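Values in this document were obtained by computation on a predicted structure and should not be read as measured data.
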Amino acid sequence: MLFEDPSPLLTGLNPEQAAAVTLPPEHALILAGAGSGKTRVLTTRIAWLLQSGQVSPGGVMAVTFTNKAAKEMMTRLSAMLPVNVRGMWIGTFHGLCNRFLRAHYQVAGLPQTFQILDTQDQLSAIKRLCKQHNVDDERFPPKQLQWFISGCKEDGHRPRDVVVRDDETRRKVEIYQLYEEQCQREGVVDFGELMLRSYEVLRDNDPIRVHYQRRFRHILIDEFQDTNRLQYAWIKMFSSPPIEGLPPSGNAVFAVGDDDQSIYAFRGARVGNMADFVREFQVRHQIKLEQNYRSCSNILNSANELISHNSRRLGKNLRTDAGEGELVRVYEAASDFAEAQWMVDEMKQLERDGLPRSEIAVLYRSNAQSRVIETALFNAGMPYRVYGGLRFFERAEIKHALAYLRLLENPHDDTSFLRVVNFPPRGIGARSIEQLQDVARVSGCSLHDAVSGVTGRAGVAIGNFVALLDVMRERTEAMTLREIIELVLDKSGLIEHFRAEREGEDRVENLEELVNAAESFVMQEGFGRDAVALPVDEQGAPLTQSPVSQGLDPDAPVLNESLAPDAETGETLSPLVAFLTHAALESGDNQAQAGQDAVQLMTVHAAKGLEFDAVFITGLEEGLFPHENSMSDRDGMEEERRLMYVAITRARKRLYITHAQTRMLHGQTRYNLRSRFFDELPEACLKWLTPKAGAPMTSSWSGQRAGSHGGGAQPAWSPGWLSGAQAPAPAPEPDRGTDIRSGMKVFHTKFGEGKVLAVEGAGADARAQVNFPRHGVKWLALSVAKLTPVTD
DNA sequence: CGTACCGCTTTTTTT
DNA sequence: AAGCGGTACG
């Protein structure tokens, strides 16, 4: 029996990992620290369950947050076992919800071909709604409404569930209600709706719920600390927590998470789900993975020390066998410009020492910081890749093309209709569209159906547009996906339009790339191959007697692939619908300058789950990191600290933490204090490449010439295996009309000599923070206080 | 109807 | 600085 020989899978696992992998089929919580082999444990657990015959592929559900993580899991799993990963439900929350809703579209009250709104689509749908209902967008900004609606859904609230205490909320709920009606009318579903709708189907349909509860014996969840209320409730539907007096549902939830890496509270994630899970599911197995396989101890101890400043932790301390390694390097630059320059020089050295560029990462708190760094890298001719920003399917030209495609499938999709009715421009202006919307509102139909009611020139112009769509629909009926897209790009005039545009070159290329994307999608999803997937029971055997197919909902079999033919009718979801779904759920890669060995630039958020030999964490300044918008409350501050914890733990061998005295932000020069996080790192693990200046508690200022004289400070030491340290390029120091700068030694008639810690504001408002040895730290208005620079 | 210009805002992000 | 939305003008 396979059960007796599971060892090959377990070799190389440490005792905790092995224990986690081989837990009995009961609920479990794995606290997996950064770099502790979390993904390995997760995939090995699945492989072990399958190999030991405890479950068949059809009985496994594994949920992740990103498509990348889901793919990674499938890849590693198929490397471990010869198993058909497609038989399993492995995917993102939203991907699985989509799969579920396509199968149960009737019960869910949706058209089978429902389209998915991404964040942009959702916002424009809300704007349109507000205009139509004369909502004051001063009092109710669409962005805020979007946030409100998404928030409600994340908490599992329909409009009627929202507790209304004031008029403002009452109005918001009304708009929420109207928005729902609009989406329903148009046959579209936003991301929150995917989750909420499938949750409700499970909650309100006993046979369906029981079916899935019986089917999925093992439910595994990655990044559990990032789940929101609704996702947790959704999981509960698949596996009811034990109820007094009732037999347990008999399946096991295996949750893996790290409370210290919870960095998405700002979008509704609830770390508290971990504690709730333990309590509500009466979890008896909790395993901590504290052995770190990634970083040297100086890096790891820094992370440990930093995160220990947070309260409300579940408690965990990572350890490593990797040895001390190098000290964490701290660098203070005169400006953001100098910071970038210095990093580039340092990178060149790393490169000379044989480190591949792809093993170097630059992390920052916010995207706006990438610009200076990009410029410096570009000027130095150093290849780099920026993560974040617009992804392929989010580009305007691609969204236009997709809108045409969506209209072929569903003419009543008003969001798509409005996006392209006058794009490329065809003489249909705001006035005409208003007329059309009026007709549609009066007769309660879609814009498409309202055309006949519009008279005059506008009626003709819009009529032509609708006719164009109808012709396209007709002509593409029997076409392959590739042909459909090519025809749409041509007949819509999109390609022609961008060709004529001066800077439209890239856009044309992107549109052509869309054809390739479709082509490779078709290949991957295996059209033409026999992708028949029959509903299966928990043993993986064909499911013919399940309550679901037993008459309750004969048209809603369990699809195993989005493109699989319907088991009952043989009907397939068209390749076009499948592709559109794919486009909405997987927004595609960012600017893939792939292939080239390049330095990696990204926000700290985007770096979660990744690791690099050398990491630069930049802009460690009060107001930036921690971000000013997070500094008001303790929860925000603790999330910033976790963010820094995530950043630190990305590094394997070498870690740099940098900050700048001045920085351009929103077109203004800002003078930031060094981040408080520096004071929360263990001094013994740090190496200050520039003098540690301005610490309020130290008196080490005297006699040191720190900071910006002549731009950029000299490293105070010779770096270890980096032979010659690069002298930083001089920072440009625009004349600000005052000579007082951070790092300077100044003289005050009353307080004597002191050291300038920071300068803020400009002109008459300029003030400086100065540390006087006898009188402590003071803020002084430069227009009032007489400060004279002291040159030693 | 379409274009040009002015003024306002600005975290983090996946689906 | 830069992108987006609103307004004014051709």
Side-chain angles (χ1 to χ4, degrees), chain A residues 63-70 91-98 116-124 127 131 137-138 141-143 147 150 153-154 189-196 198 222-223 226-228 230-231 262-269 336 363-372 375 387-391 393-394 396 422-434 457-458 461 581-588 590 602-609 619 623-632 636 639-640 642-644 646-647 663-670:
Chain A
V63 201
T64 64
F65 273 85
T66 64
N67 291 300
K68 202 175 146 201
T92 63
F93 276 103
H94 295 87
L96 296 182
C97 285
N98 172 60
I116 299 164
L117 299 185
D118 68 14
T119 315
Q120 287 176 41
D121 300 331
Q122 187 188 28
L123 186 62
S124 63
K127 282 181 183 164
K131 227 170 232 160
D137 59 1
E138 297 270 288
K143 273 248 176 70
W147 189 77
S150 304
K153 292 191 181 184
E154 277 160 11
V189 165
D190 63 39
F191 288 131
E193 189 68 27
L194 279 174
M195 287 291 325
L196 184 51
S198 38
D222 193 13
E223 308 275 17
D226 288 336
T227 52
N228 60 37
L230 178 57
Q231 285 158 339
S262 156
I263 54 175
Y264 287 111
F266 73 93
R267 67 171 196 214
D336 50 350
L363 310 184
Y364 33 81
R365 176 66 179 82
S366 63
N367 278 310
Q369 288 169 252
S370 77
R371 189 164 221 95
V372 209
T375 311
Y387 287 77
L390 270 197
R391 276 171 307 226
F393 287 114
E394 289 166 359
N422 195 35
F423 196 94
R426 42 175 78 89
I428 302 170
R431 206 48 189 278
S432 309
I433 291 168
E434 239 167 69
R457 246 205 323 252
T581 302
H582 167 80
L585 288 179
E586 296 194 38
S587 30
N590 318 83
M602 65 193 85
T603 63
V604 180
H605 282 93
K608 188 166 162 202
L624 199 69
F625 199 177
H627 197 279
E628 53 196 345
N629 296 1
S630 304
M631 291 183 3
S632 51
E639 181 146 315
E640 294 291 308
R642 290 193 294 270
L643 203 48
M644 184 60 187
V646 168
R663 183 175 296 277
M664 285 291 278
L665 199 64
H666 311 322
Q668 279 187 325
T669 307
R670 302 230 320 207

### Task
Please answer whether the main-chain N or O of I428(A) pairs with a side-chain N or O of N422(A) as donor and acceptor at a distance below 3.5 Å.
yes
### Query
Counting just side-chain N and O atoms, does N67(A) come under 4.0 Å of either OP1 or OP2 of dT15(B)?
yes
## Note on the structure
In numerical order, the residues of residues 262-269 of chain A whose heavy atoms come under 4.0 Å of DNA chain B are Y264(A), F266(A), R267(A)
### Message
Given 3.5 Å as the limit, does a donor-acceptor pair link the side chain of N67(A) with the main chain of L585(A), or not?
### Response
yes
### Message
Can you work out whether R426(A) or A368(A) has the more 5'-proximal nearest nucleotide on DNA chain B?
### Response
R426(A)
### Summary
Sequence neighbours excluded, the answer for side chain to side chain contact (heavy atoms under 4.5 Å, CB included) partners of K127(A) is L123(A), P142(A)
### Query
Ring of H627(A) versus six-membered ring of dT11(B): centres under 5.5 Å and planes under 30°?
yes
### Message
Once you apply a heavy-atom cut-off of 4.0 Å, does R431(A) come out as touching a base, just sugar-phosphate, or nothing?
### Response
sugar-phosphate
### Message
By the 4.0 Å heavy-atom rule, please label D226(A) as base, sugar-phosphate, or nothing.
### Response
nothing
### Under-4.0 Å side-chain N/O to phosphate OP1/OP2 contact, K127(A) with dG5(C)
yes
### Task
If the plane angle is over 60° it's perpendicular, under 30° parallel, otherwise tilted; pick one for H605(A) and Y264(A).
tilted
#### Entry: N367(A) vs dT11(B): side-chain N/O to OP1/OP2 distance below 4.0 Å
no
### Message
Restricting to side-chain hydrogen bond (donor to acceptor under 3.5 Å, both in side chains), what partner residues turn up for R426(A), sequence neighbours left out?
### Response
Y404(A)
### Query
So does T119(A) reach the base of dT15(B) with its side chain, donor to acceptor, closer than 3.5 Å?
yes
